[in-house]
Amino acid sequence: MDFLQISQTAMMVIIGTIALALFGIFFGLVYKGIDRKLSAHMQGRIGPPIRQPFRDVVKLFTKENIVPENAIPWIFNLAPLVGLVATISILLYLPLGGFQPLFPGKGDLILILYLLIIPSLAMVIGGFSSGSPYATIGAQREMATMIAYEFPLAIIIITIAWRLSMQGVTNVFALSSIAATPVWNIAGPLGFIGFIILLLVLVIITPAELSKIPFDSPEAETEIAGGLLTEYSGRNLAMFYLTDGVKTVVMASLIVALFFPYNLSPLFGLESYPAFAVDIAFYLAKVFLVILFSVTLIRVAVARLKIDQIVYTYWVPLTLLSLVGLICIMWDQTIMANFGLQPVFEMLGIV
Amino acid sequence: MKTKQTTKTTYHIPIGPIHPALKEPVAFEFEIDGERIVDVDVSLGHVHRTVEWTATKRNPIQILYLAERICGICSYCHPTAFALAVENIANIEVPERAEYLRVIQAELERICSHILWAGVAAHEIGFDSVLFLTWQIREKVLDLTEYLTGNRITKGIITIGGVRRDITKEHHPKIFETLNYLKDNFEKLRKVYLDDKTFRMRAQGCGILTKEDALKLCAVGPTARGSGVKKDVRVDQAYFSCADLDIECITPDVLTGEVNGDVYDRIIVRLLEVKQAIDLIEQCIDKMPAGDIVSEPKVAKVLATLKKASGEGIGRMEAPRGEVIHYVKLVEGEEYPFTWKVRAPTYNNIMPWVPMLIGEQIADIPIVAASTDPCMSCTNRVAIVDSGKKYELNKEELHRLSVEKTRRLMA
């Protein structure tokens, strides 16, 4: 590889990363605005305008950044940055609309799972280092929540990967292979039910991953006054705010990539730029629907749970549910293999 | 705030005086083991506004409006209890129609207060949709209050010897419209508060106050009734026209058949009391006799009568949060009362916080603290400040000072 090629690749990576970061931040805030507006209407309020999150961020960046006396300043200031960077870096590995990921074939689901933990860990570290009792309690709760939801999340990912490996797909954890072989296309009737169960569990995991009601006890406003974020202000708080927005897009994109990797352009026979435009619009619509069901609708419909109730919810009902999904999919595979059953989509003649 | 390490496993967190869970300033110091509350200390005195002292520079009619401002939510009960005490001293007969009108206003206030509380309780457990739902319903009741009294919150309806505005036939359509609206929405509220899964998860078995503790610590109002203590001034010592009405103490066993004394039971009591209040207003409108609404409409004459009156009087009534007691002492020839003492219901409901909170989780603090419907500005009577510094009194010292003050008043 000569110098020209290396510099070209480097330029592409840098420009691509900046573009993706801007994309994630912009749509993270747009979706946040839509979420706030929609939930306001559901609660009989008018709600803020959709551009409100942008104003919030601008305002926060202009405000003073207060570091408490008890805090460990360098960790306290580093944590928000680490969180934001880690969240944006997940975007580099996710297929967005018709575009391949910026690093195709490099990262896989396991890497994304680890990267998803980092923003939460950054908040935990930031909370512990801020020296406030509220933040300490919030950090403890955040850790307990993480431990709770990781288990069903792992089951879902592994089930999908296992099912794909049974299909003879190599490199099962790569998102490109999941996009090439959507799970619904290969599932028989029982597997279809299994995947619906797994999707449901993943939708319920999302609010915990994003610290939204009913799983927002790490930040519970009325209990511990914002928990992890109690001591954060100004620039640092704005960065956590952005992290939250980007993470919402990331989680929704992950669900889209795992369960709905379809594109509209092949259907219309489009190519090149029209295809990109249609696919990206379709992708944004899918992300919106996922956010609507997993964040907005859930958070207006229930009360906040206590930390022991959160852990119980994930470890017992949801883990059992995802295991049921796993078993359904395993049986489905056996039944299909032994009785020569066709996948549902082929029976219906869709694919 | 620095965490104070007392032993290896427990730590302290301060909640308040200013905290999102608390609508008014009160300070808790919790000793926490993990997420469990081991011990709690409550300290008051953050919103002392010298209302009682101010009253000794006002005449009784002026005090009515001062008393309204003791509390934003019980803005009817306080002036009414004061009026009761003064009427008690001067032997002022209240016309029968006015007594019914007073009950209607009291029950309207109870509906507003309980629905407001329900919204706050929902907000405390992060259920904001219900907060907005309940406050939408409350808005209708406030509209009715404004229609009947001219004001939404500080109503200025009560006067010594009666009330200031009548409820006539023209008012009836709007009243019944609002009451029917409430009845239609009652089922919705009942479903949300009593059947919703997450609400039950947060409210059932949390913040338990046993009947023994409720009796021992003199809890009042829905807090006591939620623990199965049948205590209600409207029933025990009927004032106004309460004796003519069909009132029963509401305890949670009316609905569920058992008393647990938890937050859920207090929700049941308050919800049923909203229903009871609607029923009482209808009964009052139905039974209300014709006649005057005030014994002496000329304020100057009332004041002249009161100036001649001498003695002590007690006014007791069932505020939305429980029993409120006003003690007034008038001296002949004096325009202003010699002393005025207010005992708001929250005062009694502070100590029950301790058994309720111990053993619960941090997450339960907001809902348990809110479950007694505390009103701090009603309660704060004393703030001891010595050269700019606050300090606390111990029991003996406080007792000695109280005895001294009583002697001074009696002299």
Side-chain angles (χ1 to χ4, degrees), chain A residues 36 38-47 68-71 128 130-138 140-141 143-145 207 211-227 229-231 296-313 317, chain B residues 1-5 10-16 18-23 29-32 34-36 119-137 139 192-193 196-206 263 360-370:
Chain A
R36 281 171 73 173
L38 278 178
S39 61
H41 279 297
M42 288 174 200
Q43 294 174 334
R45 294 183 287 130
I46 297 169
E69 240 173 64
N70 293 337
F128 274 129
S130 64
S132 153
Y134 297 135
T136 311
I137 294 166
Q140 290 166 355
R141 288 181 176 183
M143 284 197 295
T145 314
S211 277
K212 293 277 155 43
I213 288 175
F215 305 114
D216 71 332
S217 79
E219 287 167 31
E221 172 224 337
T222 49
E223 293 163 20
I224 47 174
L229 303 175
T230 309
E231 298 295 341
T296 315
L297 287 180
I298 294 181
R299 89 184 172 101
V300 297
V302 289
R304 179 186 304 124
L305 298 183
K306 291 191 263 190
I307 188 68
D308 59 333
Q309 290 167 341
I310 292 176
V311 174
Y312 175 81
T313 309
Chain B
M1 270 286 175
K2 212 162 190 153
T3 44
K4 198 168 65 188
Q5 203 84 28
T10 63
Y11 59 98
H12 282 250
I13 57 164
I15 301 267
I18 306 297
H19 187 276
L22 306 166
K23 304 302 164 227
E29 180 82 27
F30 285 99
E31 195 182 334
I32 308 278
E35 282 262 341
R36 294 262 157 224
V120 171
H123 172 67
E124 302 287 17
I125 58 170
F127 208 158
D128 282 347
S129 304
V130 179
L131 164 73
F132 295 115
L133 170 76
T134 48
W135 284 28
Q136 247 168 20
I137 295 170
E139 202 59 34
V192 170
Y193 281 92
D196 183 83
K197 183 94 196 301
T198 44
F199 233 107
R200 293 175 77 126
M201 279 168 91
R202 291 302 305 271
Q204 272 178 336
C206 139
V263 173
E360 298 297 339
Q361 295 182 30
I362 298 172
D364 294 321
I365 294 172
I367 182 69
V368 171

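Since we're looking at a predicted model, the values are computed, not measured. Note on naming: letters A, B, ... go to the chains in the order of the sequence lines (proteins, then strands), and numbering restarts at 1 for each one.
Proximity to chain B is absent for every atom of A:Glu69, based on heavy atoms less than 4.5 angstrom apart. With a 4.5 angstrom heavy-atom cutoff, B:Leu131 does not touch chain A via any of its atoms.
When all heavy atoms are compared, the tightest approach of B:Glu124 to A:Arg304 is O-NH1, 3.7 Å. Of all the heavy atoms in B:Phe127 and A:Ala301, the pair that sits closest is CZ-O, 3.1 Å.
By the side-chain contact (heavy atoms from CB on, under 4.5 Å) test, A:Val302 is found to be paired with A:Ile213, A:Pro214, A:Ile298, B:Thr198, residues two or more places apart in sequence or in another chain being considered. Evaluation of the ring pair (Phe, Tyr, Trp, His ring centres under 6.0 Å) rule for B:Phe30 yields B:Phe28 as partners, not counting sequence neighbours.
In this structure, NE2 on B:His19 lies 4.0 Å from OH on A:Tyr134, to the nearest 0.5 angstrom. For the atom pair CG of A:Asp308 and CD of B:Gln361, the computed distance is 4.0 Å after rounding to the nearest 0.5 Å.
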- Task: Test B:Asp128 against A:Gln43 for side-chain hydrogen bond (donor to acceptor under 3.5 Å, both in side chains), laying out the working first.
- Result: CA-CA 8 Å; B:Asp128 282 347; A:Gln43 294 174 334; 5.4 Å; no
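None of B:Ile362, B:Ile125, B:Asp364 except one satisfies the side-chain contact (heavy atoms from CB on, under 4.5 Å) rule with A:Lys306; the exception is B:Asp364.
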